[in-house]
Amino acid sequence: MILGIDIGNSNIVAGLIEKDKVISVFRTETDYSMSVKSCLDYLDSAIKYANPENAVISSVVKPLTPIMEEALCALGFNPFIVNHSLKTGLNFSIENPEKLGCDRIADCAAAAALYPLPAVVIDFGTATTISVIGRGAVFLGGAIAPGLKMSAKALSGGTSQLPLVEIESPAGCIGKNTCDCIKSGIILGTASMADGMIARIENILGTSVCAVATGGLAKIVVPHCARSLILDRNLLLRGLGIIYDLNR
């Protein structure tokens with residue numbers, strides 16, 4: 001069993017992982033002012049009744065990476081941090097793979113190991129990222145769009161009359177009030193984007209793909225997609241377990 005930690009822009013998620021199985025998950029909002037002590041307090045709740053052999057970190061918040069690493073070392077771990085140069089099971093066919101987010105690397109490592117290829121992974125998080133894995137576990141690239149909460153904040157902050165809405169399903173596609181109009185545009189619009197992007201990718205590849213959805217907001221979007229997507233909320237953590245086993 002290992003401790004996998006995903007430091008994201010909105011949340012930090014720790015999971016106890018056995019190979020590609022996630023046993024338990026501990027989530028907290030990302031605090032950019034976290035200290036080693038506050039990381040230790042968070043980690044204590046994550047491993048209170050467990051004895052993981054080591055830890056692995058996926059982080060897109062660079063200032064917090066060394067702080068979390070120091071906290072893990074204080075607990076006796078020898079953590080390693082996901083990057084493109086580790087063994088991931090993936091081959092990269094993109095420019096500057098060193099700049100690829102380690103969250104996407106972990107997502108795709110899991111998708112390549114667990115699902116049929118070619119595959120498309122859509123991570124509905126702070127940003128909505130689309131990653132394409134071809135046959136032979138080749139990471140081909142993808143797309144990045146604003147996430148649902150980011151879109152809602154942009155509409156509210158960039159206009160004088162539009163309110164900030166909760167990220168929840170609208171009453172219908174044709175909104176009858178301002179809030180439902182915004183919810184329809186953001187949520188159903190994102191679902192339609194996912195459907196359309198998958199179709200475009202399949203047209204480029206000349207074959208159908210396995211579509212996998214993950215991320216904290218996936219459960220809100222996936223029911224509105226016309227396309228059938230596999231919902232795997234723990235895909236990234238499962239990827240951390242797979243990457244750890246490849247590099248131990």
Side-chain angles (χ1 to χ4, degrees), residues 6-15 22 25-32 58 60-61 101 103-104 106-108 110-111 115 119-132 141-204 208-238:
D6 167 30
I7 304 176
N9 291 299
S10 299
N11 294 283
I12 299 175
V13 183
V22 178
V25 175
F26 301 84
R27 181 184 301 267
T28 188
E29 288 189 8
T30 301
D31 179 355
Y32 286 68
S58 164
V60 297
V61 185
D103 53 342
R104 296 177 73 186
D107 277 344
C108 291
Y115 296 105
V120 171
V121 175
I122 306 182
D123 192 326
F124 297 96
T126 305
T128 298
T129 62
I130 302 173
S131 302
V132 184
I144 302 174
L148 276 69
K149 290 183 179 180
M150 187 181 296
S151 296
K153 288 178 181 177
L155 276 177
S156 176
T159 63
S160 61
Q161 297 188 46
L162 295 181
L164 180 64
V165 301
E166 293 293 327
I167 302 300
E168 57 188 16
S169 296
C173 179
I174 303 174
K176 299 298 184 181
N177 56 64
T178 301
C179 287
D180 269 347
C181 286
I182 295 172
K183 292 174 186 176
S184 176
I186 292 174
I187 296 170
L188 302 187
T190 299
S192 298
M193 179 195 70
D195 291 330
M197 290 296 285
I198 293 169
R200 285 173 179 263
I201 290 164
E202 288 181 327
N203 185 55
I204 291 169
S208 60
V209 300
C210 175
V212 184
T214 192
L217 299 172
K219 64 179 181 180
I220 298 174
V221 180
V222 168
H224 299 287
C225 292
R227 172 69 183 246
S228 177
L229 281 78
I230 298 169
L231 178 57
D232 189 337
R233 294 190 65 190
N234 291 324
L235 187 71
L236 192 154
L237 292 176
R238 298 175 81 188

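A quick note: this is a predicted structure, and the numbers were derived from the prediction, not measured. Just the heavy atoms: all of them, side chains too, but no hydrogens, waters or symmetry mates, feed the values below.
Asp180 and Ala171 make their closest contact through OD2-CB, 3.3 Å (heavy atoms, listed as atom of the first residue, atom of the second, distance). Between Gly8 and Val61, the shortest heavy-atom distance links the atoms O-CG2, 3.5 Å. Heavy-atom minimum distance, Ile230 versus Cys210: CD1-SG, 3.7 Å.
The distance from the CG atom of Leu155 to the SG atom of Cys181 is 11.5 Å, given to the nearest 0.5 Å. For the atom pair CD1 (Ile187) and CZ (Phe124), the distance works out to 11.5 Å, reported to the nearest 0.5 Å. Rounded to the nearest 0.5 angstrom, Ile122 CD1 and Thr128 OG1 are separated by 8.5 Å.
In this view, Ala211 and Ile198, Leu229 satisfy the side chain to side chain contact (heavy atoms under 4.5 Å, CB included) rule, not counting sequence neighbours. Under the salt bridge (Lys or Arg N to Asp or Glu O under 4.0 Å) criterion, Asp232 pairs with Arg238, not counting sequence neighbours. Shown here are the side chain to side chain contact (heavy atoms under 4.5 Å, CB included) partners of Ala199, two or more places apart in sequence or in another chain: there are none. Applying the side chain to side chain donor-acceptor pair (under 3.5 Å) test to Ser58 and every residue at least two apart in sequence or in another chain returns nothing. Contacts of Lys153 classified as side chain to side chain contact (heavy atoms under 4.5 Å, CB included), with partners at least two apart in sequence or in another chain: Leu164. Scored by the side chain to side chain donor-acceptor pair (under 3.5 Å) test, Asn11 finds no partners at all (sequence neighbours excluded). Pro146 is linked by a side chain to side chain contact (heavy atoms under 4.5 Å, CB included) to Met150, Ser151, counting only residues two or more places apart in sequence or in another chain. For Ser10, the side chain to side chain donor-acceptor pair (under 3.5 Å) partners two or more places apart in sequence, or in a different chain, are Thr126. Remark: Arg227 engages Glu202 in a salt bridge (Lys or Arg N to Asp or Glu O under 4.0 Å) (not counting sequence neighbours).
For the side chain to side chain contact (heavy atoms under 4.5 Å, CB included) test with Asp103, the passing option among Thr214, Leu236, Thr129, Asn9 is Leu236; the others fail.
No side-chain donor-acceptor contact under 3.5 Å links Thr28 to the backbone of Ile12.
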Please evaluate residues Ile201 and Ile130 with respect to the criterion side chain to side chain contact (heavy atoms under 4.5 Å, CB included), reporting the C-alpha separation (whole Å), side-chain torsions for both, the decisive distance (0.1 Å), and the verdict.
CA-CA 10 Å; Ile201 290 164; Ile130 302 173; 4.0 Å; yes
Decide side chain to side chain contact (heavy atoms under 4.5 Å, CB included) for Ile144 and Arg104; before the verdict, give the C-alpha distance in whole Å, the side-chain angles of both, and the deciding distance to 0.1 Å.
CA-CA 11 Å; Ile144 302 174; Arg104 296 177 73 186; 3.9 Å; yes
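With contacts defined as side-chain heavy-atom distances shorter than 4.5 Å, the pair Ser156/Ile182 does not qualify. Looking at heavy atoms from C-beta onward, Lys149 lies in side-chain contact with Leu217 at the 4.5 angstrom threshold.
Sorted by first and then second residue, the side-chain hydrogen bond (donor to acceptor under 3.5 Å, both in side chains) pairs with a member in residues 159-179 read Glu168-Lys183, Ser169-His224; sequence neighbours excluded. Here side-chain hydrogen bond (donor to acceptor under 3.5 Å, both in side chains) pairs that include residues 184-196, with residues two or more places apart or in two chains, number zero.
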